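Keep in mind the model is a prediction, meaning the values are calculated, not measured. All values below come from the heavy atoms of this structure, side chains included, with hydrogens, waters and symmetry mates left out.
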Amino acid sequence: MNRRNFIHTSSALIGAGMIANPWDAFSFSHQKNWTVGEIMDTFIAQVPNAPFAQTVDTIKVGSRDTVVTGVVTTMFTTMEIIQKTIELKANLIIPHEPTFFSGQDETDYLQEDPVFRAKYDLMEKNGITLWRNHDYVHRMTDDGVRVGVVGDLGWNAYYTPGSRILNIPKTDLRGLINHIKAKLGVPAMRYVGDLNQSCEKVLLLPGAVGGRLQITQIMEHRPDVLVCGESNEWETPEYIRAANEIGMKLSMIEIGHSASEEGGSEFVKNWLNQNMPGLPVYHIPSGNSLKVF
């Protein structure tokens with residue numbers, strides 16, 4: 001658009017009452033239309049040593065060429081999340097975890113299954129592309145999931161970038177559990193240890209990193225308490241019970257996988273706001289499928 005055409009168009013828009021400032025029209029006319037592939041590539045370019053040869057972060061439904069009208073970030077792509085995406089007139093969902101019930105999103109055995117078909121077909125029918133972002137957000141220069149969770153917990157002041165250890169104001173295990181429940185909206189969580197134990201040094205491991213890593217990190221850092229997403233009952237929980245039985249002051253809080261990493265999906269939403277200004281982006285928590293009775 002040359003200067004003469006720009007002024008002419010701006011004057012017409014002002015006369016129609018559509019804009020108050022002619023430079024708004026110039027900005028609007030040059031607003032970037034992002035494709036799914038461009039969003040993916042921009043995010044991946046900020047991850048050290050990316051792209052990865054092996055990753056679960058692939059498109060599960062739709063196409064890289066889709067022009068994005070809006071984005072929904074979430075932990076799990078539930079039917080409710082899909083419906084809300086449609087209502088928002090968005091067409092890109094970025095979940096952190098699998099959509100089709102296995103770590104690799106294998107669907108070969110599900111093709112005739114009504115549950116799979118309901119989810120897949122609803123997205124396909126409404127032109128929704130789904131790109132999982134798990135490996136890349138975890139492997140940013142500072143793990144984006146941990147950054148998001150630290151913020152949700154209100155612990156930014158105690159966080160050293162890149163560190164899994166936070167030294168929080170001294171409290172007891174009971175108080176720490178209540179704090180996490182309130183901040184993350186979790187009605188109940190499991191723990192190992194003495195509710196009266198003093199807690200200050202926290203080892204934060206969101207998600208399900210595995211018992212071996214949880215235990216080796218405990219051995220390395222000697223925290224007062226491990227705060228994690230989940231753990232197999234025969235692994236870290238038994239290790240911490242044995243530690244208490246020999247007189248060690250060590251506790252564990254198991255938040256639940258979904259709540260422990262939801263902050264990572266909010267981190268992705270904030271990243272999109274910063275890097276794709278003007279693109280409608282919504283973070284919708286998917287909640288936990290497991291309820292407490």
Side-chain angles (χ1 to χ4, degrees), residues 34-68 71-77 81 91-110 116 119-120 123 128-151 159-164 203-214 216-217 220 228-232 257-258 260-276 279 281 283 286:
W34 293 90
T35 66
V36 171
E38 288 172 329
I39 291 173
M40 292 172 60
D41 294 344
T42 304
F43 192 99
I44 292 168
Q46 297 190 13
V47 179
N49 304 313
F52 306 143
Q54 299 294 325
T55 179
V56 297
D57 293 1
T58 58
I59 291 175
K60 313 302 181 184
V61 182
S63 167
R64 281 179 55 93
D65 298 328
T66 299
V67 176
V68 179
V71 187
V72 169
T73 68
T74 191
M75 271 289 288
F76 292 96
T77 307
I81 293 293
N91 64 351
L92 173 60
I93 301 176
I94 305 179
H96 185 66
E97 295 299 0
T99 297
F100 298 121
F101 325 117
S102 65
Q104 301 295 322
D105 279 301
E106 298 99 340
T107 62
D108 57 303
Y109 71 107
L110 293 169
F116 164 75
K119 292 185 78 173
Y120 188 97
M123 286 186 278
I128 293 173
T129 293
L130 187 145
W131 171 51
R132 184 180 177 192
N133 186 347
H134 178 276
D135 299 346
Y136 289 119
V137 69
H138 271 303
R139 298 185 193 178
M140 299 185 81
T141 302
D142 194 0
D143 184 336
V145 174
R146 184 170 59 235
V147 170
V149 174
V150 166
Y159 179 59
T160 301
S163 176
R164 293 166 169 161
L203 170 60
L204 180 64
L205 296 175
V209 300
R212 186 182 182 94
L213 180 58
Q214 290 171 341
T216 55
Q217 287 292 291
E220 177 180 348
C228 68
E230 60 180 321
S231 179
N232 291 326
H257 194 119
S258 182
S260 80
E261 291 195 306
E262 189 70 66
S265 293
E266 192 167 4
F267 172 91
V268 173
K269 183 254 189 188
N270 293 335
W271 181 92
L272 289 163
N273 287 152
Q274 293 168 6
N275 289 272
M276 285 85 191
L279 180 65
V281 185
H283 170 61
S286 55

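- With rounding to the nearest 0.5 Å, the separation of CH2 in W34 from CG in L279 is 8.5 Å.
- F101 meets the side chain to side chain contact (heavy atoms under 4.5 Å, CB included) test with L110, V115, K119; sequence neighbours excluded.
- Applying the salt bridge (Lys or Arg N to Asp or Glu O under 4.0 Å) test to every pair with at least one member in residues 51-61, sequence neighbours left out, gives these pairs: K60-D105.
- Between R132 and E97, at least one side-chain N (NZ, or NE/NH1/NH2) sits under 4.0 Å from a carboxylate O, which counts as a salt bridge.
- Rounding to the nearest 0.5 angstrom, the gap separating the CG atom in N273 from the NE2 atom in H283 is 12.0 Å.
- Summarising the geometry of P95 relative to W131, their closest heavy-atom pair is CD-O, 3.3 Å, with the distance given to 0.1 Å.
- Every residue was checked against the ring pair (Phe, Tyr, Trp, His ring centres under 6.0 Å) condition with F267, not counting sequence neighbours, and none meets it.
- Looking at R164 and D143, no side-chain N of the basic residue comes within less than 4.0 Å of a carboxylate O on the acidic one, giving no salt bridge.
- Closest heavy-atom contact between S286 and S258: OG-OG, 4.2 Å.
- In the displayed structure, N49 atom CG is contacted under 6.0 Å by at most 12 heavy atoms of other residues, nucleotides or ligands.
- If you run side chain to side chain contact (heavy atoms under 4.5 Å, CB included) between T66 and each of V36, L92, I39, I128, only V36 comes through.
- Between R64 and the choices D41, T129, T35, the side-chain hydrogen bond (donor to acceptor under 3.5 Å, both in side chains) rule is met once, by D41.
- Rounding to the nearest 0.5 Å gives a distance of 9.0 Å between CD1 of I94 and CE of M40.
- T55 contributes atom OG1, which lies 9.0 Å from atom NE2 of H134 (distance to the nearest 0.5 angstrom).
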